[in-house]
2 protein chains.
Amino acid sequence: MERLEKYYNQIKTSPVFYGMSDDELKGLLECFNARIRKYEKEEMIIRQGDIISNIYLILDGEVNIEKDSYWGRRIIISRLGQNDNLALSFVGSKNIESSIDAITVEDTLVLILSYEKCTSMCQNACTRHKILINNLFQILSKENIELIQKIENVSQKSIRDKLLTYLSNEARKKHSNSFDIQFNRQDLADYLNVDRSAMSFELSKLQKEGFIKYDKNHFELLS
Amino acid sequence: MERLEKYYNQIKTSPVFYGMSDDELKGLLECFNARIRKYEKEEMIIRQGDIISNIYLILDGEVNIEKDSYWGRRIIISRLGQNDNLALSFVGSKNIESSIDAITVEDTLVLILSYEKCTSMCQNACTRHKILINNLFQILSKENIELIQKIENVSQKSIRDKLLTYLSNEARKKHSNSFDIQFNRQDLADYLNVDRSAMSFELSKLQKEGFIKYDKNHFELLS
DNA sequence: GTTTTCTTGTTGTAAATACAACAGAAATGT
DNA sequence: ACATTTCTGTTGTATTTACAACAAGAAAAC
């Protein structure tokens with residue numbers, strides 16, 4: 001169990017608490033029974049089938065949102081990091097089982113808020129709750145848009161098009177044609193739903209043809 | 001311009017207004033400058049690049065959420081119908097351009113609420129707004145979960161697996177192994193990101209092998 | 001510093017898919 | 001009732017991809 005105070009300044013910067021005064025935030029953390037938990041590398045934070053009644057906020061580390069297909073193949077839905085939330089949509093849809101796993105990629109620190117507890121206590125009446133729900137609405141909106149973009153990435157017909165779409169979208173997000181990506185090759189292949197070796201081959205073809213340049217996780221879009 | 005009163009009873013049943021009294025709903029419709037608009041078949045309600053500041057609620061009809069890839073291929077992200085919302089996530093993420101088109105599949109009736117107008121007027125202070133934002137949060141949660149399911153559908157590696165995953169998910173939604181699907185063959189192919197003829201071929205193979213039975217848009221899962 | 005493990009790129013082959021073309025069925029319009 | 005258009009299934013071929021196996025390089029462990 002880590003101490004809340006140590007991370008207070010970072011917690012304050014999370015979109016979840018945007019627009020709250022220090023007093024409101026402190027009250028909220030108490031009301032929500034906030035606690036910090038440390039997860040080891042490759043530990044499961046959330047499993048398919050779990051009922052989620054907590055808000056999970058990543059303070060530090062990286063987490064994969066994954067799904068196993070019936071036939072055992074791994075699908076990476078997204079990679080989350082600092083200040084991202086886990087499985088927020090399953091908090092909003094009460095009593096719906098999680099359809100995803102959340103698995104740490106490295107040692108990860110998570111702030112956990114008991115959403116049920118607070119909503120039952122204050123009946124959504126307090127100011128901080130009003131701010132919170134507004135923030136959650138906006139966070140979910142962003143997540144939604146990200147999911148649509150992921151659908152665009154994986155919906156291209158060839159490996160080449162998937163790569164170019166993914167890299168273009170990353171470049172736009174990072175506001176630069178030169179950027180690092182978060183995935184290694186195997187994870188990128190599982191994210192784009194293609195075979196790793198075929199993808200590697202396509203990457204070096206794209207480089208030979210002068211469309212991109214890359215070194216490990218650093219990529220550059222040319223032309 | 002259609003008259004609101006005519007559709008009032010249906011509007012009342014929408015998840016957007018769940019938990020509101022008649023008075024609150026009436027006040028809200030006024031405050032939000034509610035109006036009804038009719039769209040013809042294959043008309044665009046929302047275009048990529050639009051800034052969305054209205055809540056769109058489908059009263060009657062069907063709408064495709066689509067995206068054109070760089071190379072002109074059509075991607076169907078989802079098919080929406082009665083009581084569904086359009087592009088809600090772009091209302092929540094202010095000043096973000098829509099990354100999708102919303103195109104009617106048939107003549108469609110839409111309730112339009114000016115979200116900006118109300119939030120600026122009441123500063124989110126009125127009871128009905130509090131109920132509303134709670135409802136929107138839940139609606140977005142559901143949309144989010146649907147998108148994850150769509151990702152599962154299209155992330156299968158073969159056409160066969162995509163079809164079986166899609167059909168299983170539909171069966172679960174409809175609580176029956178015998179059900180109608182909303183897509184025709186071309187639209188289903190654009191939804192699953194596969195070639196229509198290859199998909200047709202795979203469907204009849206699945207039928208011959210005894211896994212499914214189908215006639216037009218009616219499907220049955222066997223075994 | 002050496003060994004071991006993990007990651008990435010490369011190649012050949014088998015399998016799956018896209019694409020094009022077409023025919024019959026169904027739906028639509030007149 | 002007929003003509004026209006749209007939708008669906010079928011087939012052959014060219015292309016793309018998955019899969020397996022392996023080698024070189026980097027990172028981690030000893």
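The analysis underlying the following values was restricted to heavy atoms, covering all of them including side chains, and did not include hydrogens, waters or symmetry mates. Only a predicted model underlies this, so the values are computations on that prediction, with no experimental measurement involved. Residue numbers start from 1 in every chain, and the chains themselves are labelled A, B, ... in the order their sequence lines are given, proteins ahead of strands.
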Calculate the interatomic distance between A:I212 atom CD1 and C:dG9 atom C1'; express it in whole Å. 13 Å

To the nearest Å, give me how far apart CG (A:D161) and C1' (D:dT15) are. 14 Å

For B:D187 and D:dT6, what is the distance between atoms CG and P respectively, to the nearest whole Å? 14 Å

Please classify the nucleic acid contact of A:S200 as base, sugar-phosphate, or nothing, using heavy-atom distances under 4.0 Å. base

Between B:Y115 and B:K94, is there a cation-pi geometry (under 6.0 Å to ring centre, at most 45° from the normal)? no

Over how many whole Å does the gap from A:L206 atom CG to C:dG9 atom P extend? 12 Å

Roughly, in whole Å, what's the span from NZ in A:K162 to C1' in D:dA18? 12 Å

Under 4.0 Å between a Lys/Arg side-chain N and an Asp/Glu carboxylate O for A:D60 and A:K38? no

Euclidean distance, atom CG of residue B:N184 to atom P of D:dC7 [Å, nearest integer]: 6 Å

Pairs under 3.5 Å (N/O, protein and nucleotides 12-18 of chain C):
residue, atom, partner, partner atom, Å
C:dT17, OP1, B:I159, N, 2.6
C:dA18, OP2, B:D195, N, 3.0

Any idea how A:F219 and A:Y214 line up, ring-wise: parallel (<30°), tilted (30 to 60°), or perpendicular (>60°)? parallel

May I ask you to check whether over 12 heavy atoms, not counting those of B:K67, lie within 6.0 Å of atom NZ? yes

Using whole Å, report how far CZ of A:R74 lies from C1' of D:dA18. 17 Å

Smallest heavy-atom separation, A:S89 atom then B:I145 atom, equals O-CD1, 3.9 Å

Would you verify whether the NZ or CZ of B:K150 falls within 45 degrees of the ring axis of B:Y191 while also being under 6.0 Å from that six-membered ring's centre? yes

Nearest-nucleotide comparison on DNA chain C, the residue closer to the 5′ end among A:F201 and A:F183: A:F183

Could you check whether atom OH of A:Y18 has more than 12 heavy atoms from other residues, nucleotides or ligands sitting under 6.0 Å from it? no

Which whole-number value in Å describes the distance from A:L163 CG to D:dT16 P? 15 Å

Please write out each protein N/O paired with an N/O of nucleotides 23-30 of chain C under 3.5 Å, distance rounded to 0.1 Å.
residue, atom, partner, partner atom, Å
C:dA27, OP1, B:K216, NZ, 3.1

N-O pairing of A:E170 and A:K174 below 4.0 Å: yes

Specify the angle, to 10°, made by the local axes at the two ends of the helix from C:dG1-D:dC30 to C:dT30-D:dA1 when five pairs are taken at each end. 60°

Is the count of non-hydrogen atoms from other residues, nucleotides or ligands lying under 6.0 Å from B:F201 atom CZ greater than 12? no

On a heavy-atom basis, which atom in B:S99 and which in A:I148 lie closest, and how many Å separate them? OG-CG2, 3.9 Å

So, B:D187 and B:R74, do they make that salt bridge, N to O below 4.0 Å? yes

